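Report on the structure given below.
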Amino acid sequence: MDSFSEEWMTSVEEDDRVEASIGSGPDIHLPWLSQHIQSTVNCGDKGTNFAQTTSICFNFIQEALLKHQWQRASEFLKCYLQTLEDINSQRRQVALENIWKLGSTILYHHPKSNIETFSTFADRMKNIGVQNYLKISLQHALYLLHKGMVEDAYRNLNQAESWRYGEMSTSQEKLIKLIQAYRGLLDYYTWSKKKTESSQSDMDSYAINAATQDMHSYFRQASVNLHEIIKIPGVWDPFVKSYVEMLEFYGDQDGALQVLTDYAYDNNFPSNPNAHIYLYKFLKKEKAPEDKLISVLKILHQIVPSHTIMLEFHTLLRKSKKEEHHKLGLEVIFAVLDFSGCTENITAWDYLTKYLKQIIKEKHLDWVKEGWSSRKDWWPTFHFSYYLAKKNWKENKILALKKAFTSGILLGKGCRYFMYVSKQGHKVQEKSIKTMKKFVMKHNILDSEEC
């Protein structure tokens, strides 16, 4: 170990012998902290002093972390170890969690830290705070994965899975299942890796058969654990995707559909846009009927109306033979453009412009008025200001034309956005500008307004 690692681990090893004096750690000189400590010691009883000094130290650690001052934070943490002497068991338990979380954060970012130091610290903390053993083991495994040490992470999870302390509580059971799930995810990773290798290499029939059996072994291990975790209400996106991929590979489309359907529609699970996206993409790949695709995307529209898939949803609704779907198609594209992240989405503006023209020709002006009524007070400033007209024309003339066309339809020829763009004499866009002006002049859709 380097000097940093040795000093850090010495502090952790001495956790049972932390002295009450906060300034007694090796090679730590913090005179300004000592002033705070001294003022605390000079007043109040011992219990109050202890709580105040540790609270001050904790605040200093947080401040150092926020400023990314990792060395400074590590020195404070050595002082904070005195909290392990707290006579209150509940506060001592909180301190153990704080030390692990703060210490792991510092070691993750400290420039002199390394895998050996982090792993040694994690192992020590597992032994000190046995009630946090499973949480620490899981985070330790994730750290190892981040460092590319898949086998070490797998061994770590295996050890944690077999660990027991006293009577198994409900929270421990959930953590065990989570650890098993991550082990299943690593089995999936190995399965996926072997699948790729076997498809790319030239192997004889015997080697292919051996590789196939090996893959299936990892599939069985992974599927058992992944199947269990997705029964528990929660957000399990990577676990679900991995499990579904394996089921599809082995031709169990019905099983994959059931997993995705349960994940999306089980009321015990939290609302999760990704669950509906996964189901939609699966059904689309399986060439499901359009009505089925629409029913899935209706829910996604309610949860995330600005999602990029809403452009696909709009297209599906326009292709439908049902009038109610055509009307919803207008609301969907309006809703996409309600969000600031979509204000310059040319595809969305193109869809809205074309659809407004189609709706007008089909005499459904009431749809337009209904959709516009909730937007007329803020869309003019949000989308169609004079400033935006100049900006859009300068940066993207096609976008400016789409928006000008829409503003002319919704606000009339008096809209300043429409007026500005329609007066531009750009040769390339001259035909488009004339077409836009002709359509707006002919179809006085709504009352002319200024924006």
Side-chain angles (χ1 to χ4, degrees), residues 104 108 115 118-119 122-123 126 132-164 170-200 211-253 255-264 266 268-270 272-279 281-282 285:
S104 58
Y108 183 84
I115 294 173
F118 190 100
S119 296
D123 290 338
K126 291 173 193 176
N132 295 318
Y133 185 96
L134 295 175
K135 292 180 183 179
I136 296 171
S137 295
L138 182 56
Q139 190 170 354
H140 186 195
L142 294 176
Y143 172 82
L144 293 170
L145 282 176
H146 177 74
K147 296 295 183 181
M149 302 175 69
V150 178
E151 292 182 3
D152 291 291
Y154 195 88
R155 280 195 298 271
N156 196 290
L157 292 173
N158 264 336
Q159 291 172 2
E161 186 181 348
S162 61
W163 178 86
R164 295 292 182 274
T170 303
S171 60
Q172 284 180 332
E173 287 179 3
K174 289 182 179 179
L175 281 170
I176 288 290
K177 285 188 178 295
L178 187 58
I179 285 168
Q180 291 171 339
Y182 272 101
R183 191 165 59 80
L185 207 58
L186 292 186
D187 283 325
Y188 157 79
Y189 169 79
T190 305
W191 173 87
S192 181
K193 188 177 179 181
K194 289 184 177 294
K195 178 169 70 79
T196 303
E197 290 172 354
S198 63
S199 65
Q200 293 178 348
T212 301
Q213 290 182 355
D214 202 19
M215 278 177 54
H216 199 67
S217 175
Y218 280 105
F219 162 70
R220 287 196 303 270
Q221 292 174 200
S223 60
V224 169
N225 290 320
L226 295 178
H227 180 69
E228 285 301 312
I229 195 66
I230 61 178
K231 289 180 180 178
I232 303 172
V235 177
W236 308 115
D237 291 354
F239 305 95
V240 169
K241 288 180 67 178
S242 302
Y243 188 33
V244 167
E245 182 186 336
M246 291 190 294
L247 290 173
E248 285 187 273
F249 179 82
Y250 289 107
D252 189 2
Q253 312 296 26
L257 177 59
Q258 189 62 54
V259 169
L260 291 171
T261 302
D262 291 344
Y263 192 51
D266 192 327
N268 293 319
F269 282 63
N272 179 8
N274 287 340
H276 301 280
I277 293 169
Y278 299 153
L279 179 58
K281 289 183 176 179
F282 178 85
K285 186 167 56 177

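Please read these numbers as outputs of a predicted model, since none were measured by experiment.
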Item to complete: Using a strict 4.0 Å threshold on nitrogen-to-oxygen distance, state whether Glu228 and Lys231 make a salt bridge.
Response: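 Between Lys231 and Glu228 there is a salt bridge, with a charged N closer than 4.0 Å to a carboxylate O.
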Looking only at heavy atoms, what is the nearest atom pair of [X] and [Y], with distance?
| X | Y | answer |
| --- | --- | --- |
| Ile115 | Met149 | CD1-SD, 3.3 Å |
| Ala160 | Ile176 | O-CD1, 3.8 Å |
| Met246 | Ala222 | CE-CB, 3.7 Å |
| Asn268 | Pro233 | O-CB, 3.2 Å |
| Ala153 | Ala141 | CB-O, 3.5 Å |
| Phe269 | Gly234 | CD2-O, 3.2 Å |

Just verifying a value: how many Å separate [X] [atom1] and [Y] [atom2], rounded to the nearest 0.5 Å?
| X | Y | atom1 | atom2 | result |
| --- | --- | --- | --- | --- |
| Lys241 | Lys281 | NZ | NZ | 7.5 Å |
| Leu157 | Asp187 | CG | CG | 10.0 Å |
| Leu226 | Arg183 | CG | CZ | 10.5 Å |
| His276 | Thr261 | NE2 | OG1 | 11.0 Å |
| Leu145 | Tyr154 | CG | OH | 12.0 Å |
| Asp214 | Lys194 | CG | NZ | 4.0 Å |

Worksheet item: Taking the inter-plane angle between the rings of Trp163 and Tyr133 on a 0 to 90° scale, is it parallel (under 30°), tilted (30 to 60°) or perpendicular (over 60°)?
Response: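 The arrangement is parallel - the two ring planes meet at less than 30°.
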Worksheet item: Does any donor atom in the side chain of Gln221 or Asn225 lie under 3.5 Å from an acceptor atom in the other side chain?
Response: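 The criterion, which ignores hydrogens and geometry beyond distance, is not satisfied for Asn225 and Gln221.
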Practice prompt. State, with a plain yes or no, whether a side-chain heavy atom of Tyr250 is found less than 4.5 Å away from one of Met215.
Written response: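 Yes - at least one pair of side-chain heavy atoms lies under 4.5 Å apart.
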Practice prompt. Kindly write out the residues that satisfy side chain to side chain donor-acceptor pair (under 3.5 Å) with Gln159, not counting sequence neighbours, or none if the list is empty.
Written response: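 Counting only residues at least two positions away or on another chain, Gln159 forms no side chain to side chain donor-acceptor pair (under 3.5 Å).
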Worksheet entry | Under the side chain to side chain donor-acceptor pair (under 3.5 Å) test, residues paired with Tyr108 that sit two or more places apart |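 Per chain and number, Tyr108 pairs via side chain to side chain donor-acceptor pair (under 3.5 Å) with His146.
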Fill in: Val244 and Tyr278: CA distance, side-chain angles, deciding distance, side-chain contact (heavy atoms from CB on, under 4.5 Å) verdict
CA-CA 10 Å; Val244 167; Tyr278 299 153; over 6 Å; no
Taking ring pair (Phe, Tyr, Trp, His ring centres under 6.0 Å) as the test, write out the residues that go with [X], two or more places apart.
| X | value |
| --- | --- |
| Phe282 | none |
| Phe249 | Trp191 |
| Phe239 | Tyr182, Trp236 |

Practice prompt. Would you mind telling me which of Val240, Asn272, Asn274 makes a side chain to side chain contact (heavy atoms under 4.5 Å, CB included) with Val235?
Written response: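 Exactly one option meets the side chain to side chain contact (heavy atoms under 4.5 Å, CB included) with Val235, and it is Asn272.
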Worksheet item: Which pairs pass side-chain hydrogen bond (donor to acceptor under 3.5 Å, both in side chains) with one or both residues in residues 134-143, sequence neighbours excluded?
Response: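 Passing the test, one end in residues 134-143: Trp100-Gln139, Ser119-His140, Lys126-His140, His140-Asn156.
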